[in-house]
Protein chains: 2
Amino acid sequence: MSDPVETFQRFLRQQGLKLTTQRERIVRRVLKIKKHFSAEELFDLLRKDRSRISKATVYRTLSLLVEARLLDEHDFELGHKLYEQSQRDEHHDHLICVACRAIFEFHNHEIERLQEQVAAEHDFAITYHTHQIFGTCEEYRTTGKLCPRGLARTRRD
Amino acid sequence: MSDPVETFQRFLRQQGLKLTTQRERIVRRVLKIKKHFSAEELFDLLRKDRSRISKATVYRTLSLLVEARLLDEHDFELGHKLYEQSQRDEHHDHLICVACRAIFEFHNHEIERLQEQVAAEHDFAITYHTHQIFGTCEEYRTTGKLCPRGLARTRRD
DNA sequence: TTCCGTGCAAATGATTTGCAGGACT
DNA sequence: AGTCCTGCAAATCATTTGCACGGAA
C-alpha cells in the first residue's frame, strides 16, 4: 500500500487520469534516482533505457508526480528546476555549493520551530518554505574539484 | 560619502566603466522605490518619467547595481526576479503570500545563528542564503483581496 | 580618439502548449 | 465510443546578446 507506483495510480484515478505506459516508466525510473535531478537529466536517463518518451511528456509527468507528492521540486537558482523523491514526513532544507554544485541536506527542528513562530507573529499561514544556504563545500575548497557533468550530486554525511 | 549615486560611480570607475546618463537615471529612479520591483516594472516607471531607456539597458544596469551591492536580487518563484534596495547590514528574509503576492520581511537572529551552526557542522562556507516562507497573509485570508497589478506590494507591520 | 554603452532586434533556454493521430476504460 | 495522452513542433517569456551607431573621458 505504500508502493509509489500504486500511490501514483491512485492519485491519477482520483483526478480522472490514467496510468499510461509512459507515466509508469517514468515513475519507475524516477524511483531509482537517489539524487536531485532535472527534467533534462531524466529525459536522458529514459533514452538510455531505450524509452523514447518525449520531453513534453517528461515535463507533464513530473508536474503530476509533484502534485501526487511523490516528488519535491526545487529551484536552486541553476536555471532549471531540480526534483527529488519526496521524503514525505522527513522535510529537509539545502546547502548548495555554488562551485561544484553539490547539494547537501539539513534539518533543524529548532529553526523550523522559530520559523513557525515568525509566521504566527505575522498572522501568516504557512503553505511551505524553502531555506537554502549557498556557499562552498569542504570538498571543493580543499580539492577544487568541480562536480562532473550529468546528475547533480547529492551527498549526505 | 554614503550617497548611493556616488557609491555606484565609484564602483563603476573601479571596473573601468562609466556613469552614463541612463545609468544615473536608473539609479535615481530605483532609489525612490521602497518596495520590491521587477525589471519590467522599473522599465515602466522610467517610461512614465519620460526616460526612454531600453529594456536591455535596464537589465544590464540592474545587474551592475546588484554587483555594486546597492540592490538585492530575489527569486520568489514568480517567474521573474524582484529587486529591492540593499539594506546593507540589515539582512532579512521573506514571507510571500502566494495568493495576493504581498511580501513581508522578517529577521530572526536565532535562526541565523542556528543556520551558521548547521553550515559549520557541514564544513560549509556560507556565501549567502535565502529563507522564504510561502503561504497566505492575514489580509488575504480575511478580505480575499488580491494584490493590485503593478508593483508587488511590500508591507511591513 | 577610443573604448564603453545603448537601442534594437534576434537569440536563448527551460518549460508550455496546440494539434492530430493513438490508446486506455 | 469517449476521453485522456502522446509526440512534435511551435509558442512562451524573462532575460541575454550581437551589432552598428552614439557618447563619455
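Below, each value reflects all heavy atoms present in this structure, side chains not excepted, and no hydrogens, waters or symmetry copies. Every chain is numbered from 1 and lettered A, B, ... according to where its sequence line falls, protein lines coming before strand lines.
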Within less than 4.0 Å of OP1 or OP2 of [N], is there a side-chain N or O belonging to [X]?
| X | N | result |
| --- | --- | --- |
| A:Thr57 | D:dG7 | yes |
| A:Thr61 | D:dC5 | no |
| B:Thr20 | C:dT6 | yes |
| B:Arg23 | C:dG5 | yes |
| A:Gln22 | C:dA23 | no |

Could I get the full list of salt bridge (charged side-chain N to carboxylate O under 4.0 Å, His left out) partners for [X], not counting sequence neighbours?
| X | result |
| --- | --- |
| B:Asp44 | none |
| B:Asp49 | B:Arg29 |
| B:Lys55 | B:Glu40 |
| A:Glu77 | none |

> Any chance the side chains of B:Gln115 and A:His131 put a donor and an acceptor closer than 3.5 Å?
Replying inline: yes
>> Regarding B:Asp93 and B:His129, do their side chains bring together a donor and an acceptor under 3.5 Å, going by distance alone?
In response: yes
>> So that I can tick it off, tell me whether B:Glu138 and B:Arg141 are bridged by a salt bridge, with the cut-off set at under 4.0 angstrom between side-chain N and carboxylate O.
In response: no
>> Run the side chain to side chain contact (heavy atoms under 4.5 Å, CB included) test against B:Val5 and tell me which residues pass, sequence neighbours left out.
In response: B:Asp3, B:Leu19, B:Glu24, B:Arg28, B:Leu31
> Can you name the residues that form a side chain to side chain contact (heavy atoms under 4.5 Å, CB included) with A:Gln15, not counting sequence neighbours?
Replying inline: A:Phe11, A:Leu17
> Which angle, rounded to 10°, do you find between the first-five-pair axis and the last-five-pair axis of the helix from C:dT1-D:dA25 to C:dT25-D:dA1?
Replying inline: 20°
>> If you take any heavy atom closer than 4.0 Å to DNA chain D, which residues from residues 11-19 of chain A end up in contact?
In response: A:Gly16, A:Leu17, A:Lys18
Integer-rounded Å distance: [N] [atom2] and [X] [atom1]:
| X | N | atom1 | atom2 | result |
| --- | --- | --- | --- | --- |
| B:Leu78 | D:dC13 | CG | C1' | 14 Å |
| B:Phe43 | D:dA14 | CZ | P | 13 Å |
| B:Ile26 | C:dG7 | CD1 | P | 8 Å |
| A:Arg25 | D:dT6 | CZ | P | 12 Å |
| B:Arg52 | C:dC8 | CZ | P | 9 Å |
| A:Glu77 | D:dT15 | CD | C1' | 15 Å |
| B:Phe37 | D:dT15 | CZ | P | 12 Å |
| B:Glu24 | C:dT6 | CD | C1' | 16 Å |

>> Does anything in residues 60-79 of chain B form a ring pair (Phe, Tyr, Trp, His ring centres under 6.0 Å)? List the pairs, not counting sequence neighbours.
In response: B:His36-B:His74, B:His36-B:Phe76, B:His74-B:Phe76, B:His74-B:His94, B:Phe76-B:His94
>> Treating primed atoms plus P, OP1 and OP2 as sugar-phosphate and everything else as base, which nucleotides of nucleotides 12-17 of chain C get B, S or - for protein heavy atoms under 4.0 Å?
In response: --SBBB
> In chain order, what residues pass the ring pair (Phe, Tyr, Trp, His ring centres under 6.0 Å) check against B:His107, with sequence neighbours excluded?
Replying inline: none
Only distances under 3.5 Å count here; give the side-chain donor-acceptor pairs of residues 60-73 of chain B to other protein atoms, sequence neighbours excluded, each with its distance to 0.1 Å.
from, atom 1, to, atom 2, distance (Å)
B:Thr61, OG1, B:Thr57, O, 2.8
B:Ser63, OG, B:Tyr59, O, 3.3
B:Glu73, OE2, B:Tyr83, OH, 3.1

